[in-house]
Amino acid sequence: MMQEADFNFTFSANQLVAHFKFSKISLYIKREDLIDPFVSGNKFRKLKYNISEALNRNSTTLLTFGGAYSNHIAATAAAGKKYGLKTVGIIRGEELGKDIKKTLATNETLEYAATHGMQLHFITRETYRDKEQPKFIENLKAEFGNFYLLPEGGTGTNPLAIKGCEEILNEEDKEFDYICCSIGTGGTISGIINTSKPNQQILGFPALKGDYLSSEIKKISTMENWSLITDYHFGGYAKVNTELIHFINLFKKKYEISLDPVYTGKMLYGIIDMIENSKFPQNSRILAIHTGGLQGIAGMNELLIKKNLPLIDV
Ligand SMILES: Cc1ncc(COP(=O)(O)O)c(C=O)c1O
């Protein structure tokens, strides 16, 4: 019989954030960030069916990849601990493994993963680029034994992760004209597109510069009711500036909703900028998906201190 991981998490609801009087536009946020502090947002969606599958295959270990502040690494460690699975994190940046004590003392994401039982293994950036090569995977099997492999960021074209992301939208959401989602690899938005209604417009806000994203999404989704808004990446992946930080802090003060600086902060900055510049028709109902990622704020603040930039309020 098919085994299902008994995920006992809170379910997200749509929260009305603002009604813009002049344009009569309503902006709602789907609070996927409230599912869990670590297995939050799209991480929960991507892991849900994969954990069930790992349990069904009687796998004892999850192995995955990520950067030093990866939301996916933190979420995999938390989910593995919850379901009694060992976890191995292959981390980009060999230098971080040289003084592991110092790394854990200064990096909350990795410290969280390690204290939740994840075995961390640091590799060079060059080796990391080849992480999907069969030879590299074979070497990992020789070192760590058999494992259930989760792709970087939790999606790639992993059908079970996409299936989980297809559950982000529900029947009530068919009333929205626009659904907005931040993009890293394109997996989350692909799931959203698959369950959207043809009359809805799905807008993806890439968190990085990436011309390849459209073709990635087309590999997974056959519908055509989506487009990418590429003006709000703030210079690239995990790049931020004072304006974005001020926006995130102001948003939190005004609406009591935290946004992360890598994904949801950039998306909401973009949505509000577009509303203010009349890019949406009057009376539009917009639903922005809060994909979580708040654990990454601590890591970003460490970098901001070094750069002498203002910090994100927590
Ligand atoms: C908080 C958050 N939002 C959005 C995304 C983008 O998701 P995807 O890589 O599926 O496009 C990520 C990355 O996985 C993320 O961590």
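Both ligands and their constituent atoms are indexed starting at 1 by order of listing.
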Which one holds for Asn42 and ligand 1: side chain close, backbone close, both close, or neither close, with close meaning a heavy atom under 4.0 Å?
side chain
Hey, is Lys46 touching ligand 1 through its side chain, its backbone, both or neither, going by heavy atoms under 4.0 Å?
side chain
Ile29: which of Leu268, Asn14, Leu287 passes side-chain contact (heavy atoms from CB on, under 4.5 Å)
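Of the listed residues Leu268, Asn14, Leu287, the side-chain contact (heavy atoms from CB on, under 4.5 Å) partner of Ile29 is Leu268.
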At a 4.0 Å threshold, what atoms of ligand 1 neighbour a non-hydrogen atom of [X]?
| X | value |
| --- | --- |
| Thr185 | 8 (P), 9 (O), 10 (O), 11 (O) |
| Gly292 | 1 (C) |
| Lys43 | 12 (C), 13 (C), 14 (O), 15 (C), 16 (O) |
| Gly293 | 1 (C) |

Under a 4.0 Å threshold between the charged nitrogen and the carboxylate oxygen, would [Y] count as salt-bridged to [X]?
| X | Y | value |
| --- | --- | --- |
| Glu224 | Lys218 | no |
| Lys219 | Glu216 | yes |
| Lys306 | Glu302 | no |

Quick one: do Val88 and Leu62 end up in the same hydrophobic cluster if we chain Ile, Leu, Val, Met, Phe, Trp and Tyr together by side-chain heavy atoms under 4.5 Å apart?
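Unlinked, Val88 and Leu62 end up in two clusters.
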Starting from atom 2 (C) of ligand 1, locate the nearest protein heavy atom and write down its residue, its atom name and how far away it is, to 0.1 Å.
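Here the closest protein heavy atom is Tyr263 CD1, 3.3 Å.
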Which protein non-hydrogen atom lies closest to atom 16 (O) of ligand 1, naming both residue and atom, and how far is it?
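Protein heavy atom at minimum distance: Asn71 ND2, 2.9 Å.
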Would you mind listing the cluster partners of Ile73? Hydrophobic ones only (ILVMFWY), side-chain contacts under 4.5 Å, chaining allowed.
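Members alongside Ile73: Ile91, Leu96, Ile100, Leu104, Leu110, Met118, Leu120, Phe122.
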When rounded to the nearest 0.5 angstrom, what is the spacing between CZ in Arg125 and OH in Tyr128?
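The CZ atom of Arg125 sits 10.5 Å away from the OH atom of Tyr128.
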Nearest non-hydrogen contact to atom 3 (N) of ligand 1 from the set Leu213, Asp33, Thr291 belongs to Thr291
Just going by heavy-atom distances, which of Gly184, Ala74, Gly41 is nearest to atom 11 (O) of ligand 1?
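Answer by nearest heavy atom: Gly184.
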